[in-house]
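Here is the naming used below: chain letters follow the sequence lines, and residue numbers restart at 1 for every chain. Side-chain atoms are counted along with the backbone in the values below, which use heavy atoms only and exclude waters and symmetry mates.
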Amino acid sequence: GDSVTQMEGPVTLSEEAFLTINCTYTATGYPSLFWYVQYPGEGLQLLLKATKADDKGSNKGFEATYRKETTSFHLEKGSVQVSDSAVYFCALSGRRSGGSNYKLTFGKGTLLTVNP
Amino acid sequence: SQTIHQWPATLVQPVGSPLSLECTVEGTSNPNLYWYRQAAGRGLQLLFYSIGIDQISSEVPQNLSASRPQDRQFILSSKKLLLSDSGFYLCAWSVQGSSYNSPLHFGNGTRLTVT
């Protein structure tokens, strides 16, 4: 079945440091890939997505490129801010067998803490 | 615009007591609806999935049940809570008939502690 593996945290960085959170996946066919962010005490929000190989999703300074050859979707940001402190989830969406609706499979999440 | 409401935000219940968590979506019709549970160190687990009124799929065997009495209302219930039911419960929706490119939209969650 589908699965997502992302680097375990927690990740602690100083403000303006470079961020990489690794994500690899296993799926049949051609899934869509997503990064969600969860700020403390809140639900998840979509951060960015990519729907086919070599697509780059970007939002709020974050980027991730859909790499089919390495089955990866690593999240990067050039200069993190204290306000980026949150839990980040990598996810993929693949077709459910026998249906036309789609199921999202999540990684376990990576806690990022950015210190001033 | 579409909004999703989930309540209560926090809940402390004794073992063996019943549970009812409610989720409603506004601004869209006939959405797909989902209940997820987030346990520490275990990521998000899909519990239930619904494509329409009274059409609910259970993803994992457990002590919980779900109902969808109205198009945009999704309820998570239990007759007798277990300690292992503690966690953060998230309701989400997506556009009915959407492609796999479409994201989920999450509520703010309910923190359930079973004591």
Novice: Is it true that atom CD of A:Glu8 has more than 12 heavy atoms of other residues, nucleotides or ligands lying nearer than 6.0 Å?
Specialist: no
Novice: Side chain, backbone, both or neither: which part of A:Leu46 has an atom under 4.5 Å from a heavy atom of chain B?
Specialist: side chain
Novice: Tell me if the CD atom of A:Glu16 is crowded by more than 12 foreign heavy atoms within 6.0 Å.
Specialist: no
Novice: Is it true that B:Leu76 and B:Phe74 fall in one hydrophobic cluster, defined by side-chain heavy atoms closer than 4.5 Å?
Specialist: yes
Novice: Supply the atom-to-atom distance A:Leu104 CG to B:Tyr49 OH, rounded to the nearest 0.5 angstrom.
Specialist: 11.5 Å
Novice: B:Gln45 versus chain A, heavy atoms under 4.5 Å apart: side chain, backbone, both or neither?
Specialist: neither
Novice: Please look at A:Gln38 and chain B and tell me whether the side chain, the backbone, both or neither of the residue comes under 4.5 angstrom of a heavy atom of that chain.
Specialist: side chain
Novice: Do B:Leu82 and B:Phe88 share a hydrophobic cluster (ILVMFWY, side-chain heavy atoms under 4.5 Å, transitive)?
Specialist: no
Novice: Roughly how far, to the nearest 0.5 Å, is CZ of A:Phe106 from CD of B:Gln38?
Specialist: 9.5 Å
Novice: Can B:Leu83 be reached from B:Leu47 by stepping across I, L, V, M, F, W or Y side chains whose heavy atoms are under 4.5 Å apart?
Specialist: yes
Novice: For the NZ atom on A:Lys68, are there more than 12 heavy atoms of other groups (residues, nucleotides or ligands in this structure) within a distance under 6.0 Å?
Specialist: yes
Novice: Measure from the side-chain N and O atoms of A:Tyr36 to the backbone N and O of B:Leu104, and report whether any donor-acceptor pair falls under 3.5 Å.
Specialist: yes
Novice: Looking at every heavy atom in both B:Phe106 and A:Leu44, which two are closest together, and how far apart are they?
Specialist: CB-O, 3.3 Å
